[in-house]
Protein chains: 2
Amino acid sequence: MPSGMTDEDKKRQLDSRDIKPTAMRELVLDVLSRQTAAIGLPELEAHFEKADRTTLYRTLKTFEEKKLIHKIVDGTGTVKYALCSETCECEPDDLHVHFLCEKCGKTYCLYDIPVPTINLPHGFKLEGVNMVINGICASCRK
Amino acid sequence: MPSGMTDEDKKRQLDSRDIKPTAMRELVLDVLSRQTAAIGLPELEAHFEKADRTTLYRTLKTFEEKKLIHKIVDGTGTVKYALCSETCECEPDDLHVHFLCEKCGKTYCLYDIPVPTINLPHGFKLEGVNMVINGICASCRK
DNA sequence: GTAACTTTGCAACCCGGTTGCACTTCCTTT
DNA sequence: AAAGGAAGTGCAACCGGGTTGCAAAGTTAC
Ligand SMILES: [Mn+2]
Ligand SMILES: [Mn+2]
Ligand SMILES: [Zn+2]
Ligand SMILES: [Zn+2]
């Protein structure tokens, strides 16, 4: 999800997910689209001089509800978020694996590694999966 | 991991993991061994009249370091723990899948569902996996 | 019995997340 | 254009799980 994205692109992206494109939201989407790793609320906050934590919090919440971004619980204590792919509906079939680097602390979407199918015991109903691998990332190993 | 466990059993279990068997630790192990679902610090606290949060916290920490229990991050905001199987060394091969029920909030170890093998991109080193499925559990569906 | 080490208890703190409420902005209706 | 309502924003206060520092109590080694 790289950055070459005009303001118009962003408006359209928000629009396609039924999110009213306010100034704040465009700024947040801009930050999100520049990330190579997932980002949490505290880190997002640090990208702004004067923005309020609550607003950012609620922006992320809206984005998540509208499936513009997805949540990643990596066990670091901060919930992280990353952009969904264009077609993602956050259904079990859309899900991919995540990777948390113990060294740099970054959490990556492995967009092209789908979460493996699991056969649950009888009677269990699957709604979602959070799969996070931890280890050392490629950059930190070099 | 049901309960039929004598005090001697517990001492032996602690001993086998190189944990000095204090009174507190035996009590905590006792509670842990009675659970059918993973348990977090706040819930563990509630099982005791007068025990201190810090002590329980550190007991869990010790237990985890010594691989008597393993941690489960299920995204509820509370880290949960469950007993490891006798032979578990918490290596990638020992890991199993977990299930969080949206309805009752309980988190279960699916001890006999191993975490599937993942082929990471080149350069990534895998050290562990946290795989949590969420949905509705068998009892809540009935 | 004394010294060294470990465990426990209490208090205080940290930090991410969340809520209530007032103010502003935007949009619709007249 | 004015009025009214809905949606978004900012601030402050709060919550809860987790964590640390430090002193007291218990254990072990000599
Ligand atoms: Mn992702
Ligand atoms: Mn487990
Ligand atoms: Zn790294
Ligand atoms: Zn349930």
Apply the test side chain to side chain contact (heavy atoms under 4.5 Å, CB included) to residues A/Leu56 and A/Met24: give CA-CA distance (whole Å), side-chain angles for both, the deciding distance (0.1 Å), then the verdict. CA-CA 8 Å; A/Leu56 297 172; A/Met24 197 65 235; 3.6 Å; yes
Just do the side chain to side chain contact (heavy atoms under 4.5 Å, CB included) check on B/Tyr81 and B/Leu44 with the steps written out, would you? CA-CA 10 Å; B/Tyr81 298 89; B/Leu44 180 59; over 6 Å; no
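- Listed nucleotides: C/dA12, C/dG9, D/dC11. Nearest to the side chain of B/Lys50: C/dG9.
- A salt bridge between A/Arg17 and A/Glu89 is present, with a side-chain N of the basic residue lying under 4.0 Å from a carboxylate O of the acidic one.
- B/His70 pairs with exactly one of B/Lys80, B/His98, B/Glu64 by the side chain to side chain donor-acceptor pair (under 3.5 Å) rule, that one being B/His98.
- Here the side chains of B/Pro92 and B/Val115 are not in contact, with every heavy-atom distance at 4.5 Å or above.
- Within the 4.5 Å cutoff, side-chain heavy atoms of B/Cys104 are placed close to those of B/Cys137.
- Among residue pairs with one or both ends in residues 122-142 of chain B, those qualifying as salt bridge (charged side-chain N to carboxylate O under 4.0 Å, His left out) are B/Lys125-B/Glu127; sequence neighbours excluded.
- In this structure, the nucleotide among D/dA13, C/dG20, C/dC10 sitting nearest to the side chain of A/Thr54 is C/dG20.
- Below 30°, between 30° and 60°, or above 60°: for A/Phe124 and B/Phe99 the angle between ring planes is above 60°, a perpendicular geometry.
- Proximity of residues 65-80 of chain A to DNA chain D (heavy atom under 4.0 angstrom from any strand atom) is not detected for any residue.
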After noting the C-alpha distance and the side-chain angles of A/Asp9 and A/Thr6, does the key distance pass the side chain to side chain contact (heavy atoms under 4.5 Å, CB included) rule? CA-CA 5 Å; A/Asp9 283 338; A/Thr6 72; 3.3 Å; yes
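- Between the side chain of B/Lys66 and the backbone N or O of B/Asp18 there is at least one donor-acceptor pair closer than 3.5 Å.
- Counting heavy atoms from C-beta on, the side chains of A/Leu14 and A/Lys11 never come closer than 4.5 Å.
- With hydrogens and angles ignored, a donor-acceptor pair under 3.5 angstrom links the side chain of B/Arg53 to the base of D/dG18.
- Non-hydrogen atoms lying under 4.0 Å from DNA chain D are contributed by A/Lys20, A/Thr22, A/Met24, A/Arg25, all within residues 12-27 of chain A.
- Here B/Ile72 is tied into one hydrophobic group with B/Leu100, B/Val132, each link being a pair of ILVMFWY side chains closer than 4.5 Å.
- C/dG9 atom C1' lies 5 Å from atom CG of B/Asp52, rounded to whole Å.
- Within residues 36-47 of chain A, the residues approached by DNA chain C to less than 4.0 Å at the level of any non-hydrogen atom are A/Leu41, A/Pro42, in residue-number order.
- If you check residues 55-64 of chain A against DNA chain C, the residues with a heavy atom closer than 4.0 Å are A/Tyr57, A/Arg58, listed by number.
- A/Val129 and B/Ile136 fall into different hydrophobic clusters, where Ile, Leu, Val, Met, Phe, Trp and Tyr side chains are chained together by heavy-atom contacts under 4.5 Å.
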